[in-house]
Protein chains: 2
Amino acid sequence: MNKVLNIEKLKVSCKQCSLKELCFPHGMDGDDITKLDNVVDAHSVKKNDYLYREGDVCRALYAVRSGCVKTTVQNAAGDSQIVGFHLPGELVGFDGFATDVHACSAQTLETASVCELPLDNLENLCANIPGLQKQMRRIMGIEVNNDHELLLLLGKMNADEKLATFLLNVSLRMKQRNWKEDEFNLSMSRQDIANYLGLAVETVSRLFAQFQDNGIIKVDKRHVEIINMAALREIISDCQGGTQQRNG
Amino acid sequence: MNKVLNIEKLKVSCKQCSLKELCFPHGMDGDDITKLDNVVDAHSVKKNDYLYREGDVCRALYAVRSGCVKTTVQNAAGDSQIVGFHLPGELVGFDGFATDVHACSAQTLETASVCELPLDNLENLCANIPGLQKQMRRIMGIEVNNDHELLLLLGKMNADEKLATFLLNVSLRMKQRNWKEDEFNLSMSRQDIANYLGLAVETVSRLFAQFQDNGIIKVDKRHVEIINMAALREIISDCQGGTQQRNG
DNA sequence: CGTCTGCTTGATTGACATCAAATGGTGTGG
DNA sequence: CCACACCATTTGATGTCAATCAAGCAGACG
């Protein structure tokens with residue numbers, strides 16, 4: 001079905017990219033970004049194509065330029081878990097660093113554009129650009145922390161807290177990109193959201209309806225408008241006598 | 001209550017450490033390990049003390065030498081999720097790389113000994129030892145992959161699959177340390193196991209009993225003997241018509 | 001126009017959490 | 001050495017949240 005990408009390369013400039021502060025060049029000066037520009041190529045990737053699959057040799061990191069990419073892990077029994085939705089400016093591919101073979105698959109949710117940073121070039125670059133190693137550690141640290149947040153969500157939250165957390169997280173990332181924080185289009189299906197949050201599709205659907213009935217959001221298919229941000233926050237910090245899970 | 005550690009330092013030698021191939025020095029040659037030895041100190045840490053807490057400035061990485069360390073994330077509502085149990089040879093502290101402030105707390109489960117690698121020294125070292133950056137990336141990559149495995153567990157497995165996976169994982173790590181893979185003492189309480197697996201203590205307790213009744217394991221408090229390894233594996237790869245969750 | 005796919009809504013079930021209480025081991029103080 | 005309190009663990013009874021089963025609906029596409 002969906003092939004691994006193999007599209008014409010396109011020269012891009014990190015220096016002029018509006019995402020640079022969210023992305024790899026974060027905090028770097030002009031000269032260093034130029035060195036980075038020399039090794040970065042962009043690709044266009046069709047909807048549902050893979051950047052890489054579990055088992056592929058890890059040759060590069062990928063920065064999302066436009067569109068949205070999901071990363072997925074699989075187990076022996078065949079079921080898979082989405083471990084991340086990656087928006088423009090975010091990096092994908094660290095799952096290949098442990099063994100030089102990818103432990104995840106990365107697939108686009110819509111037609112996307114991604115920048116490729118070949119690893120051997122990156123290694124040279126790290127030697128030439130002071131502070132780039134630290135940058136690398138910082139970005140991987142972010143990945144680790146994101147995963148931990150998701151662990152907390154999957155391990156300790158009930159359904160409505162999960163969806164509220166998800167919506168607030170998307171909202172925050174929209175804001176970081178200078179897009180509207182209270183109105184956006186989700187690039188993922190209900191199925192994908194359900195998988196990511198460890199829920200059934202039906203539950204996600206019902207929760208969207210419920211949130212809308214309570215005047216917290218307005219939903220039309222994938223278009224979401226947050227009416228009452230505070231109410232969303234309240235759902236997840238519901239410390240007092242409400243529904244609570246104890247296993248902590 | 002439990003204070004952050006502040007114990008006398010103790011000079012150690014990575015070169016002579018039996019854990020070196022599992023730990024940071026993995027694959028390094030003698031000269032490079034000597035450089036490493038110069039910056040590493042060991043501490044003894046009492047049971048239930050913290051290596052660091054969420055919010056602490058990140059100054060060092062820690063390698064477990066003996067004992068067991070758990071790392072925990074917390075949310076606004078106050079509940080916390082254990083994100084890792086760290087055995088001898090494993091590294092702790094990457095959660096501080098994103099912002100230079102720890103996003104996790106790290107606490108010992110029993111009296112432990114840990115090696116401290118101060119970050120500023122580590123940075124210098126990376127400049128002097130070729131391939132050390134890559135080592136760093138490799139180890140962080142392992143951390144990322146471990147987290148992903150746990151995400152899969154929390155998101156897609158039911159209770160018995162979770163415990164079976166946990167036991168097999170511990171068994172594997174025992175084997176890697178040249179200890180018995182089918183007989184060991186767990187350093188964590190039922191409560192900790194339950195928290196880690198996203199279950200209630202009672203459920204964990206019942207599952208231990210059930211596994212024992214089925215002749216898969218023998219349990220006496222924290223002492224576990226695996227009688228039928230294959231049966232454990234079967235539980236988690238139970239593809240056919242049994243109990244199944246669909247949300248994938 | 002019919003088929004397909006993604007989404008929604010309703011009814012029912014079940015896995016696991018919660019509540020409650022008993023048990024057993026450990027440490028303390030008399 | 002015993003009595004007692006305390007904690008972790010186990011075991012049993014009950015409750016509930018979300019999964020599952022089952023239609024129905026709307027937009028996309030050939």
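The sequence lines fix the lettering, A, B, ..., with proteins before strands; numbering per chain opens at 1.
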| remark: Taking five pairs at each terminus, the helix from dC1(C)-dG30(D) to dG30(C)-dC1(D) shows an axis bend, to 10°, of 30°
| Spacing of L154(B) atom CG relative to dC16(C) atom C1', expressed in whole Å | 15 Å
| message | Could you work out, with side chain to side chain donor-acceptor pair (under 3.5 Å) as the rule, every residue matching D95(A), not counting sequence neighbours? | response | Y52(A), H102(A)
| note | Here the distance between atom C1' of dT10(D) and atom CD of Q210(B), to the nearest Å, is 15 Å
| remark: To the nearest angstrom, the CG-P distance between D79(B) and dA17(C) comes to 14 Å
| field | side chain to side chain contact (heavy atoms under 4.5 Å, CB included) partners for R206(B), two or more places apart | value | E202(B)
| query | Over how many whole Å does the gap from D213(B) atom CG to dT10(D) atom C1' extend? | reply | 12 Å
Pick out the pairs of N or O atoms, protein on one side and nucleotides 23-27 of chain D on the other, that lie under 3.5 Å.
none

| remark: Those residues at least two apart in sequence (or on a different chain) that pass ring-ring contact (aromatic ring centres under 6.0 Å, His included) with F184(A) are none
| field | ring-ring contact (aromatic ring centres under 6.0 Å, His included) partners of residues 215-234 of chain B, not counting sequence neighbours, each pair once | value | none
| said: Test: salt bridge (charged side-chain N to carboxylate O under 4.0 Å, His left out). Region: residues 213-227 of chain B. Which pairs qualify, not counting sequence neighbours? | reply: none
| task | Grab the NZ-P distance between K162(A) and dA18(D) for me, whole Å please. | result | 8 Å
| note | Taken in chain and number order and not counting sequence neighbours, the residues that satisfy salt bridge (charged side-chain N to carboxylate O under 4.0 Å, His left out) with E54(B) are none
| K175(A): partners by salt bridge (charged side-chain N to carboxylate O under 4.0 Å, His left out), with sequence neighbours left out | none
| task | Looking only at side-chain atoms of N158(A), point me to the closest of dT9(D), dA18(D), dT8(C). | result | dA18(D)
| note | Sequence neighbours excluded, the answer for salt bridge (charged side-chain N to carboxylate O under 4.0 Å, His left out) partners of E90(B) is R173(B), R177(B)
| request: Answer yes or no: is there a side-chain heavy-atom contact under 4.5 Å between K70(A) and D192(A)? | output: yes
| Please give, in whole Å, the distance from dT26(C) P to K47(B) NZ? | 12 Å
| Nearest-angstrom distance from the residue atom CZ of R222(B) to C1' of dT10(D) | 15 Å
| query | Over how many whole Å does the gap from L197(A) atom CG to dA19(D) atom P extend? | reply | 10 Å
Might you list the N or O atoms of the protein lying below 3.5 Å from N or O atoms in nucleotides 11-13 of chain D, with each pair's distance?
residue : atom : partner : partner atom : Å
dG12(D) : N7   : R206(B) : NH1          : 2.9
dG12(D) : O6   : R206(B) : NH2          : 3.3

| remark: Sorted by chain and residue number, the ring-ring contact (aromatic ring centres under 6.0 Å, His included) partners of F211(A) (sequence neighbours excluded) come out as none
| Evaluation steps, side-chain hydrogen bond (donor to acceptor under 3.5 Å, both in side chains), between S113(B) and H43(B) | CA-CA 6 Å; S113(B) 165; H43(B) 299 262; over 6 Å; no
